[in-house]
Amino acid sequence: MRLTAEEEAMLTGRLGEAPRRALEQQLAVGRFFGAEDFVPVASVHLAADAEAMREAGVRSLEEMVAVGATARVTTTLNPRSVDFAHAEQLGQEPHYIQLEQRILAAMERLGALPLNTCVNYQIVSQARFGEHVAWGDTGTVIWANSFAGARSNFEAGPAALHAAITGRVPRYGYHLPEQRLGTTLVRVREAPRSGSDWGALGCHAGRLVNDYWQVPVFVFDNPAHPEGPQPHADHLKQFGAALASYGSLAMYHVVGLTPEARTLGEAFGGRSPRRDLEVAPGTLERTYATFQPEQDAVDVVVFGTPQLSLHEFRDLARLFAGKRVHARTRVFLTTSDAVKALADQLGYTRVVEDAGATVLTGVCYYIMTARELAERHGFRTLLTDSAKLANIVAGYGYNPVFRSSEECVAAAVRGAFADSVDSGEVTR
Amino acid sequence: MTPDRPPDAELRTTPGVGPRVVGEAIVSRHGFSARYDLDRERGVFSREAHDLFGESLVGKVLVCDTAKGGIATSWMLLDMATRDVAPLAILFRTTNPVMVQGAVLAGLPMLHRLSPDPIETIRTGDRLEVDPAAGTVRVWRAAAASETTR
């Protein structure tokens, strides 16, 4: 790779041991993908949770900080594995709480902002069009590339740490204009209306187009809705998170909606699609139906993957108002400290807590030592309105069921999927 | 140790990352994510829908389709390598940045875009020599290998 004088200085260690180690690893990744040089980044979003890192990862982070690592650019942190205020009560192992405290201490020395949110783009870091960033958590990356027109590869925890230290990343993949062009045409003859509907569409398309280097281009063609889709930003949050989860995709276009796809021609850069897919009417319903409960009882209901926005929190408060969660079912809402503070102020928190739900901040359910929670609380059937969460928890020994927010709330109140079964006992 | 005879097949690609290793293959037609698919305590596939459900990848060369899911596998490969429950190497049809970033951190050999297709060429139990610097994978068939050792 071609290096600038500053990068040469980093590599020889003249700028310190931490930049030397960081750049060395970045070079190995860059060479693997044929990068010709590095590109400076405006911000870093770093995922460093105890569940993924464990002792070895935390130690490697501490070693990097011990040799003087500091963040050269604004660095925000993704959710952690514990909400310190609830961890003990949930029975999470003290070991993970201690690891998270060590991560927090190391991040403070690094100079990273411990915001612990996976929706940095909704709360603190609005990447601008054309800006190069080094974001991790795939949901943030697909948002940056597709919605904002910023440029990022998936920068996983270690890579985002290195980017924070050197202020740059190898220039390959989604930093290059040609990689951002569409490869697959997806004609949608459906009309997603809610966040979960958009999640279902992302789930379906991600299952069909599951390769990091592919870029699906969505064209909405539904005679019943000639005006085309009018999604809220929260809907596209679910859409992108699902595409990134099921397809490991880093970018999509929606013609007429996303900034690099004003026309079909622009989305494909004049090339022909390599594949042409159709999403037939009824696909969303069939996608929900691919998640089937093994039992009628609902063990746990989770909202907030990615973390709830204020609007999503408000909508859930409306659904839970005056209701009571069934005694055998646990309900968790996960969000950021920022949104929780507003929800407190606006009274939404009280409504959902009065209904029997638990609000957790700075976390995301699948990062919260989900296997241990399942064993401790006997959770098996997990109901959620997040297509992404339904995908991930299947690996943690759960029977995931993905439904609309309304169905999730109704089932939480019944403690069951079916209307008729065991509707008697509703007190705690 | 590689068998004392010419390989049955050789696959080639651009240089990968990590050291040269020799070991036994475990082949999947599915993708891979340590967070989505594994019980990382034991290095065993725990996703019920995965074609390697219940199988261990510890010390084996995992041959699979593509990188699945999110970013967590990067930290997880280091954790697994430190606790001796990591695969010996991973060969993808197509990988993504997360896997390579994790492989570099963990010192794990990784290659992708091999020709001919590794999933069609390599079978579970085959003996492999993975040489990332050269961008080659040499294959000795399991059945033939056991005949020569008899």
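Labels below follow one simple rule: chain letters A, B, ... track the order of the sequence lines, proteins then strands, and each chain is numbered from 1. Computed over heavy atoms, backbone and side chain alike; hydrogens, waters and symmetry mates excluded.
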> For a quick test of reading the model, state the closest non-hydrogen atom pair linking B:V17 to A:A28 and the distance between them.
CG1-O, 4.0 Å
> Identify the residues of residues 204-214 of chain A whose heavy atoms come closer than 4.5 Å to a heavy atom of chain B, ordered by number, or report 'none'.
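Under the 4.5 Å heavy-atom cut-off, A:N210, A:D211, A:Y212, A:W213 qualify.
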> Check whether A:A244 gets within reach of chain B through its side chain, its backbone, both or neither, counting any heavy atom under 4.5 Å.
backbone
> How long is the straight-line distance from CG of B:L78 back to OG of A:S60, given to the nearest 0.5 Å?
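That separation rounds to 5.5 Å.
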> Please determine, among B:L111, B:V104, B:T82, the option with the most heavy-atom pairs under 4.5 Å with chain A.
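Of the candidates given, the most pairs with chain A belong to B:V104.
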> Enumerate the side chain to side chain donor-acceptor pair (under 3.5 Å) contacts for residues 97-115 of chain B, please, sequence neighbours excluded, ordered by first and then second residue.
A:E155-B:Q101
> Under 4.5 Å heavy-atom distance to chain B, tell me which part of A:Q26 shows up: side chain, backbone, both or neither.
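Neither the backbone nor the side chain of A:Q26 comes within 4.5 Å of chain B.
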> With a 4.5 angstrom heavy-atom cut-off, which part of A:L249 approaches chain B: side chain, backbone, both or neither?
neither
> Would you mind telling me which of A:G136, A:A52, A:S245, A:G157 has the largest number of heavy-atom pairs within less than 4.5 Å of chain B?
A:A52
> Between B:P15 and chain A, which part of the residue has a heavy atom less than 4.5 Å away: side chain, backbone, both or neither?
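Backbone of B:P15 only, per the 4.5 Å heavy-atom cut-off to chain A.
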> Which answer fits A:R371, side chain, backbone, both or neither, if we ask what part of it has an atom under 4.5 Å from a heavy atom of chain B?
side chain
> Which distance, rounded to the nearest 0.5 Å, do you find between the CE of B:M76 and the CZ of A:R54?
7.5 Å
> Answer with side chain, backbone, both or neither: which region of A:Y246 has an atom nearer than 4.5 Å to a non-hydrogen atom of chain B?
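For A:Y246, there is no contact with chain B at all, as no heavy atom is under 4.5 Å.
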> Give, as side chain, backbone, both or neither, the part of B:T94 having an atom under 4.5 angstrom from any heavy atom of chain A.
side chain
> So which of A:A56, A:G34, A:A156 has the biggest tally of heavy-atom pairs under 4.5 Å with chain B?
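The answer is A:A156.
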> Verify side-chain contact (heavy atoms from CB on, under 4.5 Å) between A:M53 and B:D79, making sure each step is shown before the conclusion.
CA-CA 7 Å; A:M53 295 173 84; B:D79 163 54; over 6 Å; no
> Determine the option with the most heavy-atom pairs under 4.5 angstrom with chain B, choosing from A:I392, A:T138, A:N78, A:D49.
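Of the options given, most contacts go to A:I392.
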> For the residue pair A:F33 and B:V100, what are the closest heavy atoms and their distance?
CZ-CG2, 3.5 Å
> In terms of heavy-atom contacts, does CD of A:E55 have more than 12 from other residues, nucleotides or ligands at under 6.0 Å?
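Enclosed.
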> Are the side chains of B:P97 and A:F32 in touch, meaning some heavy atoms are under 4.5 Å apart?
no
> Using a heavy-atom cutoff of under 4.5 Å, enumerate the residues of residues 62-75 of chain B that contact chain A, numbered in order, or state 'none'.
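Residues in range: B:T66, B:A67, B:K68, B:G69, B:G70, B:I71, B:A72, B:S74, B:W75.
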> List the atom of B:R47, the atom of A:G395, and the distance in Å for their closest heavy-atom pair.
NH1-N, 3.7 Å
> Based on non-hydrogen pairs under 4.5 Å, which of A:A370, A:G57, A:G139 is most in contact with chain B?
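Looking at each of A:A370, A:G57, A:G139 in turn, A:G57 comes out on top.
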> Quick check on B:R83 against chain A: is it the side chain, the backbone, both or neither that has a heavy atom closer than 4.5 Å?
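Side chain only.
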> Go through A:A250, A:S248, A:P158, A:A159 and name the one with the most non-hydrogen pairs under 4.5 angstrom from chain B.
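Option with the greatest count: A:P158.
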> Counting only non-hydrogen atoms closer than 4.5 Å, can you tell me which residues of residues 35-44 of chain B sit against chain A?
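Within residues 35-44 of chain B, the residues that come under 4.5 Å of chain A (heavy atoms only) are B:R35, B:Y36, B:L38, B:D39, B:R40, B:E41.
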> Heavy-atom pairs under 4.5 Å with chain B are the metric here; pick the option from A:N153, A:D137, A:V393 that has the most.
A:D137
